[in-house]
Amino acid sequence: MSNVHVMDHPLIQHKLSLMRDRQTGVKEFREATREIAMLMCYEATRDLPLKEITIETPLAHAKTSVISGKKMAIVPILRAGLGMLDGMLELIPAAKVGHLGLYRDPESMKPVEYYAKMPSDIAERDVILIDPMLATGGSAEAAVTALKERGVKNIKFVCLLSTPVGLDTLQKAHPDVEIFTAAIDPELNDHGYIVPGLGDAGDRIFGTK
Ligand code: PRP
Ligand code: URA
């Protein structure tokens, strides 16, 4: 799984343990989601291209580096992906944001698209697609397809929890997409929930259950 990066940084793992705990309330869950997203954004942008510029410090001229290359967009998969958005924007404040609404049909477990609003120049941007959960992989696969249909060439997918089957599905459908995950859990239950997982991410972020 060469394009899968497991973010085993102690800060990420500590906050993820907090999120897994059923006793953790909405406020703490939401804060941990935002903080992990920020830490993962730092890693997911490690390969951004730099260009050299010359500036004047108070003392002398200096050759120094700034980010170059394509502009970025962040696309959360609604709803749960919204919980990761602010953490990402703290590190990339100039990024534009696209919204993609998908829900998983409880019977078929297949994703259903109900909303899409992208920046008009999305095809010219590198995209970080965010969703806390990669379970069967169906939602992420459909989201990447929806972005590619709009002309996006370079997509990274950042999630908190994933499964071997979800990673396999996404990689087979879109081998060009780099995947960043905080942990790979062993299995899915009969309802397609990640086990041991953290429950329903959307419900825990928004307090809807
Ligand atoms: C969850 C999650 C992913 C999807 C993952 O969303 O946030 O989008 O399920 O499952 P998959 O990999 O099997 O497709 P859900 O459909 O529960 O919608 P929500 O974010 O609105 O709660
Ligand atoms: N969606 C969630 O929110 N949690 C899971 O475990 C699987 C899909």
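One-based numbering along the sequence shown. Whatever order the structure lists ligands and atoms in, that order sets their numbers, starting from 1.
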- Task: Find out if a path of hydrophobic residues (ILVMFWY) with successive side-chain heavy-atom gaps under 4.5 Å connects V195 to L160.
- Result: no
- Message: To the closest 0.5 Å, what do you measure between NZ (K153) and CZ (R125)?
- Response: 14.5 Å
- Item | Atoms of ligand 1 close to M133 [distance to a heavy atom under 4.0 angstrom, numbered from 1] | 2 (C), 3 (C), 5 (C)
- Nearest protein heavy atom to atom 1 (C) of ligand 1: under 4.0 Å? no
- Task: State whether a side-chain donor-acceptor pair under 3.5 Å links T163 with D185.
- Result: no
- Message: Strictly less than 4.0 Å: does any protein heavy-atom distance to atom 22 (O) of ligand 1 fall in that range?
- Response: yes
- Item | Protein contact of atom 7 (C) of ligand 2 - nearest heavy atom, named by residue and atom, plus distance | G192 O, 3.5 Å
- May I ask you to list the atoms of ligand 2 that are less than 4.0 angstrom from any heavy atom of A135? 7 (C), 8 (C)
- Message: Angle between ring planes, F180 versus H5, binned at 30° and 60°: parallel, tilted or perpendicular?
- Response: parallel
- What do you reckon, does G192 have a nitrogen or oxygen under 3.5 Å from a nitrogen or oxygen of ligand 1? no
- Query: Looking only at side chains, do R204 and T24 share a donor and an acceptor under 3.5 Å apart?
  - Reply: no
- Can you tell me the protein heavy atom closest to atom 5 (C) of ligand 2 and the distance? Y193 CD2, 3.3 Å
- Query: Mind checking whether Y103 has an N or O less than 3.5 Å away from an N or O of ligand 1?
  - Reply: no
- Message: Evaluate G199 for polar contact with ligand 2, using N/O atom pairs at a separation under 3.5 Å.
- Response: yes
- Note on the structure: Looking only at protein heavy atoms, what sits closest to atom 15 (P) of ligand 1 is R104 N, 4.3 Å
- Counting from 1 in the order shown, the ligand 2 atoms closer than 4.0 Å to a non-hydrogen atom of I194 are 5 (C), 6 (O), 7 (C)
- Sub-3.5 Å N/O-N/O distance, R79 and ligand 1: yes
- Pairing residues for E31 by the salt bridge (charged side-chain N to carboxylate O under 4.0 Å, His left out) criterion, not counting sequence neighbours: K27
- Message: One thing to verify: whether K96 and D121 come together as a salt bridge, which I'm taking to mean a side-chain N less than 4.0 angstrom from a carboxylate O.
- Response: yes
- Item | K110/D105 ion pair, N-O < 4.0 Å | no
- Item | atom 7 (O) of ligand 1: the protein heavy-atom neighbour that sits closest, reported with distance to 0.1 Å | D131 OD1, 2.8 Å
- Query: Are any of the N or O atoms of A140 closer than 3.5 Å to those of ligand 1?
  - Reply: no
- Where's the contact between T136 and ligand 1, heavy-atom distance under 4.0 Å: side chain, backbone, both or neither? both
- Item | Atoms in ligand 2 with a heavy atom of M133 nearer than 4.0 Å | 2 (C), 3 (O), 4 (N), 5 (C), 6 (O)
- Distance from atom 3 (O) of ligand 2 to nearest protein heavy atom, with residue and atom: A201 N, 2.8 Å
- Item | NZ/NE/NH1/NH2 to OD/OE distance under 4.0 Å, R79 and D203 | yes
- Ion pair present between K148 and D176, side-chain N to carboxylate O less than 4.0 angstrom? yes
- Item | N or O contact, A135 vs ligand 1, cut-off under 3.5 Å | yes
